[in-house]
Amino acid sequence: MTQDIVILAAGKGSRMKSAFSKVLHKVGGIAMVRRVLTTASTLENANLHLVVGHQGEQVEANCQDFSANIVWQNDPQGTGDALRRVAPFLQADGATLTLYGDVPLIRASTLQKMTALSNSNTLVLLTISLDNPTGYGRIVRDEQGKVTAIVEQKDASASELAIKEVNTGILLAPNAHLQAWLAALTNNNAQGEYYLTDVIAMAARDGVDIVTVNPENEAEVAGVNDRVQLAALERELQNQQAIRLMQNGATLLDPSRIDVRGELVTGNDVIIDVNCVFEGKVTLGAGVEIGPNCHLKNCTVGDNTIIKSNTLIEDSQVGESCDIGPFARLRPGTQLANKAKIGNFVETKKAIIGEGSKVNHLSYIGDTEMGANVNVGAGTITCNYDGVNKHKTQVADNVFIGSNSSLVAPVQIEEGATIAAGSTITKQVGEKQLAFARARQTNKDNWPRPTKK
Ligand code: UD1
Ligand code: CA
């Protein structure tokens, strides 16, 4: 069955006290509305409609890649009003699923449970029973337990207010009936709004079956109205992600001290120490060990590589059995072949480093192509920038670069060459040559040290 999915995101979100649309605030590094769009996109034959209003340009600009139908609701008059604006775009048959842009942790599995029950004469409601139902629409049932209506908090009688089962807001209604129901909505209620929830009583009246589904957990249907709720959902999501990583074979030394802001894929026997942050898409091969306080963003790390504490890796590829850190910084465009070693206080950028090569201490290697089994001495710098342009350094296999050398690019060091410590290399060094490029040492005999006057 084709499915229209409407994501409501027109609300003002004033309690966020923000210049940015509420739904663009991030949970787990991803804007809430993008999480909802991503989840919605996993459903079969999904036809996405995004209702925007307050700060709608921002939302539209941030969600373009989903190619959802953007529907403007400039003067929001309730959830029913929002659906009415989408009505002209809904398909004749199929069903319409309504989601909220500020309810980010809804799971595809729950939505699938709903769609499995959907047909042209059935309306599916996602409900939950809460100890404290204050603020939510209440699910009203008859003596047989059939749902007959949803009553909003502000319109509810004392006995209705006592109902613990509430409307999560997520519902799936058959398009064959929905158009007529939406057209019949009025705003004669306590808030003077068009309530989408009024379609429930119309469905009951029209003999449409109303069935309910419950989410797997409460966080799935939790909405964000302020930054306290945003932080609570962030913790919840981090906890869920930590559990999934452990179930997939990663050891987390403290599952409450890891932050995954994006997607982290781990092989078996990955070990992650405390306070690590993973951003964007990060893939860790089997047996990778990550020390405390590391930050990895958009990178892949091959099997059995060890990353020691306080290392930052961005937009880079790291091979297998590498040894990195502590305090290493791999900037974008770094590619380490297997068994490479990057030690403390080493910065790399656009650097291809061959198998088994070592840059162990205090170096900057940028715009460089380096072969295998190269040894780079402490304090070596590639001078890649002349103040205007960047230039490339090429280092072939088996080169030995003495400590505290400067390689002034563009420059080539050929296979098996040796650079004497402290050299400033400005010219090509040929195969197996030794290059000295430093002032010669002179020693003076019996040098009289100056004395204090
Ligand atoms: C709504 C439901 C209520 C349910 C609750 C769950 C109605 C009438 N009530 O109430 O039964 O328990 O959600 O959280 O549907 N929005 C628009 N355009 C509008 C109005 C709202 O896009 O004109 C969006 C908001 O940005 C928000 C969502 O719809 O994302 C819900 O709106 P909100 O005003 O919070 O609804 P509630 O009054 O909480
Ligand atoms: Ca709400």
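These figures come from a predicted structure and were not determined experimentally. Whatever order the structure lists them in is the order used to number ligands and atoms, beginning at 1.
Against a heavy-atom cut-off of under 4.0 Å, Y195 is close to the following atoms of ligand 1: 8 (C). Ligand 1 places these atoms under 4.0 Å from at least one heavy atom of A9: 22 (O). In summary, the atoms of ligand 1 found under 4.0 Å from a heavy atom of N167, numbered by their order in the structure, are 2 (C), 3 (C), 4 (C), 6 (C), 11 (O), 12 (O). Residue G137 has at least one heavy-atom neighbour below 4.0 Å for each of these atoms of ligand 1: 3 (C), 4 (C), 11 (O), 12 (O).
Look at D102 and you'll find a heavy atom under 4.0 Å from some atom of ligand 1. Residue D81 places every heavy atom at 4.0 Å or more from ligand 1.
Using a 4.0 Å cut-off between heavy atoms, Y100 contacts ligand 1 through its side chain alone, with no backbone atom that close. With a heavy-atom cut-off of 4.0 Å, Q77 touches ligand 1 through its backbone alone. With a 4.0 Å heavy-atom cut-off, ligand 1 is reached by the backbone of T168 but not by any atom from C-beta on.
Inclusion of A10 in the set of residues having an N or O under 3.5 Å from an N or O of ligand 1 is warranted. Of the N or O atoms in E152, one or more lie within a sub-3.5 Å distance of an N or O in ligand 1. In terms of polar-atom proximity, V51 is not counted as a contact of ligand 1, lacking any N or O under 3.5 Å from an N or O of the ligand.
In this structure, the side chains of T96 and L172 stay at 4.5 Å or more apart for every pair of heavy atoms.
Side-chain contact annotation: D4 with N175, donor-acceptor N/O pair under 3.5 Å present. In this structure, a donor-acceptor pair under 3.5 Å is present between the side chains of S109 and E216. Side-chain N/O atoms of N69 and H49 include a donor and acceptor closer than 3.5 Å. Using modelled atom types, one finds a donor on one side chain and an acceptor on the other under 3.5 Å when comparing H25 with S18.
Remark: R261 fails to qualify as a cation-pi partner of F278 under the 6.0 Å distance and 45° angle criteria applied to the six-membered ring.
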Test side-chain hydrogen bond (donor to acceptor under 3.5 Å, both in side chains) on H391 and D386; report intermediate values, then the result.
CA-CA 8 Å; H391 302 282; D386 59 14; 2.8 Å; yes
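Partner of L264 under the side-chain contact (heavy atoms from CB on, under 4.5 Å) criterion, chosen from L245, T283, V270: L245. Only one option out of R15, M32, E234 pairs with V224 in a side-chain contact (heavy atoms from CB on, under 4.5 Å); it is M32.
Considering G78, S21, G56, G53 only, the shortest heavy-atom separation from atom 23 (O) of ligand 1 involves G78.
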